[in-house]
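Heads up: the structure comes next, in structure tokens.
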Amino acid sequence: TCALPICAIELVNGSSIDLLRVDFNGNRGFYGGGISSRHESVVKAAECDFIGNTGWSGAGILSRYECTVELDDCLFQGNIAEIHGGAMTIRDGTTLEMDGCDLVGNQGLAQGSLEGGGGAIQFAVGASAVIRGSTFRGNFTSSTGGAIGNSSGSNILIEQSSMVDNVASLQGNAVAT
């Protein structure tokens with residue numbers, strides 16, 4: 001649930017949305033500043049920008065409980081999560097397919113959390129992902145996984161992508177599993 005202040009879009013209980021060239025700028029939500037999806041919802045976004053969003057987890061997108069997230073040619077820049085997943089948090093059996101996206105300068109600050117991290121993306125609790133042709137540049141976490149943090153049995157495939165100048169204070173400047 002998006003706690004006050006409210007995220008831009010919230011999807012629940014099998015709902016779906018298709019987005020083309022939509023900008024999510026400066027939104028704030030406890031779970032997912034830009035988009036929060038849960039319980040088998042479907043998010044499809046192409047050529048969308050997620051810039052300067054903030055939240056506790058998944059500042060751009062938070063998706064959990066067996067959802068599907070498909071992202072094509074999207075930009076995630078300057079998003080800041082207080083705990084994990086500066087750009088997004090994908091968890092609880094959710095599937096992410098991401099192609100041609102740029103994740104630049106996002107932060108997962110891991111404030112007071114042992115599970116924090118994932119400057120750009122945090123995967124947890126049986127999530128899965130296929131990431132193709134994407135760039136992770138200049139993302140930061142004060143925990144693990146400067147670009148990607150992975151915990152609790154999640155499976156990730158990364159193909160033909162770039163990891164450049166990402167920083168993790170503890171381990172895994174690019175990826176920590």
Side-chain angles (χ1 to χ4, degrees), residues 2 7-9 11 19 22-37 43-64 67-91 94-111 113 115-124 127-151 154 156 158 161-168 172-177:
C2 294
C7 59
I9 295 175
L11 302 170
L19 303 165
V22 177
D23 294 335
F24 295 87
N25 296 322
N27 298 292
R28 175 156 176 77
F30 189 71
Y31 291 125
I35 298 173
S36 176
S37 68
V43 176
K44 294 182 181 180
E47 300 176 33
C48 294
D49 292 344
F50 296 80
I51 299 173
N53 299 290
T54 58
W56 182 74
S57 177
I61 297 174
L62 181 128
S63 189
R64 57 193 176 143
C67 293
T68 299
V69 178
E70 297 177 8
L71 304 172
D72 292 306
D73 298 317
C74 291
L75 170 67
F76 292 82
Q77 183 172 0
N79 300 289
I80 301 173
E82 294 173 23
I83 303 297
H84 44 64
M88 65 186 95
T89 296
I90 305 295
R91 56 176 297 139
T94 291
T95 300
L96 170 68
E97 292 186 22
M98 187 168 80
D99 189 13
C101 294
D102 292 319
L103 298 93
V104 181
N106 301 288
Q107 299 179 47
L109 300 178
Q111 296 177 359
S113 172
E115 295 182 14
I121 304 174
Q122 177 69 26
F123 293 99
S128 63
V130 176
I131 298 170
R132 290 188 178 98
S134 295
T135 301
F136 295 79
R137 181 185 309 274
N139 299 290
F140 170 80
T141 182
S142 56
S143 186
T144 61
I148 296 173
N150 179 22
S151 62
S154 297
I156 304 166
I158 303 170
S161 296
S162 299
M163 305 277 180
V164 180
D165 297 329
N166 299 288
V167 175
N173 285 332
V175 178
T177 60

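Nearest heavy atoms, A81 versus S57: CB-CA, 4.3 Å. Here the closest non-hydrogen pair linking G108 and T141 is O-OG1, 2.7 Å. Considering every non-hydrogen atom in both S134 and G100, the closest pair reads OG-N, 3.5 Å. For the residue pair L96 and M88, the shortest heavy atom distance occurs at CD2-SD, 4.1 Å. Of all heavy-atom pairs spanning A147 and N139, the tightest one is CA-CB, 4.4 Å. For Q122 against N150, the heavy-atom pair with the smallest separation is NE2-N, 4.3 Å.
In this structure, the separation between CD on Q77 and CD1 on I51 is 5.5 Å, given to the nearest 0.5 Å. Taking CG from D49 and SG from C74, the interatomic distance works out to 7.5 Å, rounded to the nearest 0.5 Å. Distance check, rounded to the nearest 0.5 Å: SG of C101 to CD of E47 gives 10.5 Å. Here the NZ atom belonging to K44 is positioned 5.0 Å from the CD atom belonging to E70, to the nearest 0.5 angstrom. Atoms OG and CG, on S161 and D99 in that order, are 8.5 Å from each other to the nearest 0.5 Å.
A side chain to side chain contact (heavy atoms under 4.5 Å, CB included) with I61 holds for exactly one of T89, L71, N79; it is L71. Of the options V164, V104, I131, N106, a side chain to side chain contact (heavy atoms under 4.5 Å, CB included) to F136 is made by I131 and by none of the others.
Residues L109 and E82 have side chains not in contact (no heavy-atom distance under 4.5 Å, counting atoms from C-beta outward). Residues R91 and S154 have side chains not in contact (no heavy-atom distance under 4.5 Å, counting atoms from C-beta outward). Side chains of I121 and I156 form no contact here, defined as non-hydrogen atoms less than 4.5 Å apart. Side-chain atoms of R64 and L62, non-hydrogen and from C-beta on, do get closer than 4.5 Å to each other. With contacts defined as side-chain heavy-atom distances shorter than 4.5 Å, the pair I158/I148 qualifies.
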Would you please test V69 and I35 for side-chain contact (heavy atoms from CB on, under 4.5 Å) and show each step? CA-CA 11 Å; V69 178; I35 298 173; over 6 Å; no

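Taking the six-membered ring where the residue is Trp, W56 and Y31 present perpendicular rings, their angle passing 60° and hence far from 30°.
Using a 3.5 Å distance cut-off with no hydrogens or angles, the side chains of T95 and S128 do pair a donor with an acceptor.
Judged by distance alone, the side chain of D102 and the main-chain N or O of L75 form no donor-acceptor pair under 3.5 Å. Of the possible polar contacts, one joining the N173 side chain to the A168 backbone as a donor-acceptor pair under 3.5 Å is found.
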